[in-house]
Protein chains: 2
Amino acid sequence: MTALAGLEQFLISKGCKLTRSRRIILQGLLDNEGWSNAREIYAYVQARVHKINFSTIYRNLDALTSIGLLCRVERADAVNYYTLNQASGHHHHLICKSCHKICQLDFCPLPQMDPETLQNFTEVECRFDLYGFCHECQENKKYTDGNGSD
Amino acid sequence: MTALAGLEQFLISKGCKLTRSRRIILQGLLDNEGWSNAREIYAYVQARVHKINFSTIYRNLDALTSIGLLCRVERADAVNYYTLNQASGHHHHLICKSCHKICQLDFCPLPQMDPETLQNFTEVECRFDLYGFCHECQENKKYTDGNGSD
DNA sequence: ATATCAAATGCAAATAGTTGCATTAGCAAG
DNA sequence: CTTGCTAATGCAACTATTTGCATTTGATAT
Ligand SMILES: [Mn+2]
Ligand SMILES: [Mn+2]
Ligand SMILES: [Zn+2]
Ligand SMILES: [Zn+2]
């Protein structure tokens with residue numbers, strides 16, 4: 001079974017309809033291999049002859065993320081990026097403030113938290129992202145130094 | 001010394017200019033006692049006769065937050081709320097998905113993290129917010145039940 | 001009090017993303 | 001193959017927030 005077919009099957013198993021747009025969005029994410037934003041995905045779908053609206057892109061990225069097919073990460077410049085979720089379990093991300101590289105962080109602080117700390121809140125979801133400088137960007141700073149931003 | 005004077009002094013100690021807008025914004029946050037968003041703060045300043053631009057509000061809320069005078073929290077509906085930072089140290093927040101109540105969470109997962117988990121990232125900043133249902137909203141659900149949203 | 005200069009402001013245009021509502025298209029049942 | 005229902009889509013208007021650039025103003029030095 002092709003990778004695309006697997007994703008499509010998962011989508012259907014979650015009670016979502018397999019539409020033309022969704023098929024091409026998934027194909028685009030498979031092609032890309034990295035992280036893409038809504039603009040990039042829009043351009044990909046548009047290029048495949050299929051006319052599409054930005055709100056459809058956004059709604060589908062939301063839908064695919066909420067069924068667990070995609071990972072969504074908000075970069076330091078406040079733009080959301082998406083990739084196919086390769087991971088088996090719940091996880092978070094490390095994001096480089098310089099080159100915007102995104103690394104998977106196989107750790108969630110929530111399960112280890114003392115219930116008392118949670119002040120009787122229930123059904124708690126955790127937003128946890130770490131923003132720093134990746135190893136390469138830190139290395140580059142040593143030589144370039146000074147104002148090394150994007 | 002009045003509370004306002006204390007805030008103003010802190011502002012100056014951080015090398016910021018004490019402008020008319022900032023004085024009124026701080027007064028507004030002192031008056032309010034809770035959390036306010038940009039619109040509410042804009043309305044407050046506007047009402048005090050002082051004409052002001054939204055971009056000035058946003059820039060000031062950023063500035064006051066980054067010197068540690070304010071806490072900023074992004075609600076589940078993606079609107080940012082601000083309050084005077086009463087806390088002494090670094091902390092995070094618990095946010096109710098129903099009534100939007102914000103509670104201080106005196107815990108940060110970052111210091112306890114194994115350095116290896118951070119994958120050689122440096123100068124790491126932590127975005128950590130917990131979204132759930134507060135005790136009261138959970139109680140209300142028991143009786144109301146069903147579709148109990150905002 | 002006056003001059004100076006950077007920081008702060010106003011304005012207008014842009015950004016990413018969301019939403020209500022009318023229309024379309026998957027998909028399943030007949 | 002046709003019908004029907006719901007989820008998905010297109011469209012246009014809207015949201016919160018950001019940005020570049022010209023102008024103003026607060027703090028400081030004269
Ligand atoms: Mn991931
Ligand atoms: Mn706080
Ligand atoms: Zn990097
Ligand atoms: Zn609540």
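What you are looking at is a predicted structure, and each value in this text was computed from that prediction instead of being measured. In what follows, chains carry the letters A, B, and so on, assigned in the order in which the sequence lines appear, proteins first and then strands, with residues in each chain numbered from 1.
Picking from dT9(C), dA16(C), dA8(D) the nucleotide with the shortest atom distance to the side chain of Thr19(B) gives dT9(C). The side chain of Cys16(A) sits closest to dA8(D) out of dG17(C), dA8(D), dT17(D). Distance from the side chain of Lys17(A) is smallest to dA7(D) among dG17(C), dA7(D), dA27(D).
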Next on the checklist: So if I define the base as every atom that isn't primed, P, OP1 or OP2, how would nucleotides 18-24 of chain C read as a B/S/- string at a heavy-atom cutoff under 4.0 Å?
Outcome noted: BBB----
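In this structure a side-chain-to-backbone donor-acceptor pair under 3.5 Å is present from Gln119(B) to Gln104(A). The closest donor-acceptor contact from the side chain of Asn60(B) to the backbone of Arg22(B) lies at 3.5 Å or more, if one exists at all. A donor-acceptor pair under 3.5 Å is absent between the side-chain atoms of Gln112(B) and the main chain of Pro109(B), judged by distance alone.
The nearest pair of heavy atoms linking Arg75(B) to Tyr81(B) is NH1-OH, 3.1 Å. Nearest heavy-atom pair, Ile57(B) versus Tyr42(B), reported as atom, atom and distance to 0.1 Å: CD1-CA, 3.8 Å. Closest non-hydrogen pair, Cys103(A) versus Phe121(B), comes out as SG-CE1, 3.8 Å.
Classification of the Phe128(A)-Phe107(A) ring pair by plane angle, with boundaries at 30° and 60°, yields perpendicular.
At the heavy-atom level, Asn60(B) lies under 4.0 Å from the strands shown only through sugar-phosphate atoms. Asn37(B) comes within 4.0 angstrom of nothing in the nucleic acid, heavy atoms only. Counting any heavy atom pair closer than 4.0 Å across all strands shown, Leu18(A) reaches sugar-phosphate atoms only and no base atom.
Rounded to an integer number of Å, the gap from Ile52(B) CD1 to dC11(C) P is 11 Å. In this structure, CG of Leu61(A) is placed 9 Å from P of dG17(C), rounded to the nearest angstrom.
Comparing Asn80(B) and Arg23(B) against DNA chain D, the residue whose closest nucleotide sits nearer the 5' end is Asn80(B).
Checked for salt-bridge contact, Lys97(B) and Glu123(A) miss the test: no charged N lies under 4.0 Å from a carboxylate O.
Helix bend of the helix from dA1(C)-dT30(D) to dG30(C)-dC1(D): the angle between its two end axes, each built from five pairs, comes to 30° after rounding to 10°.
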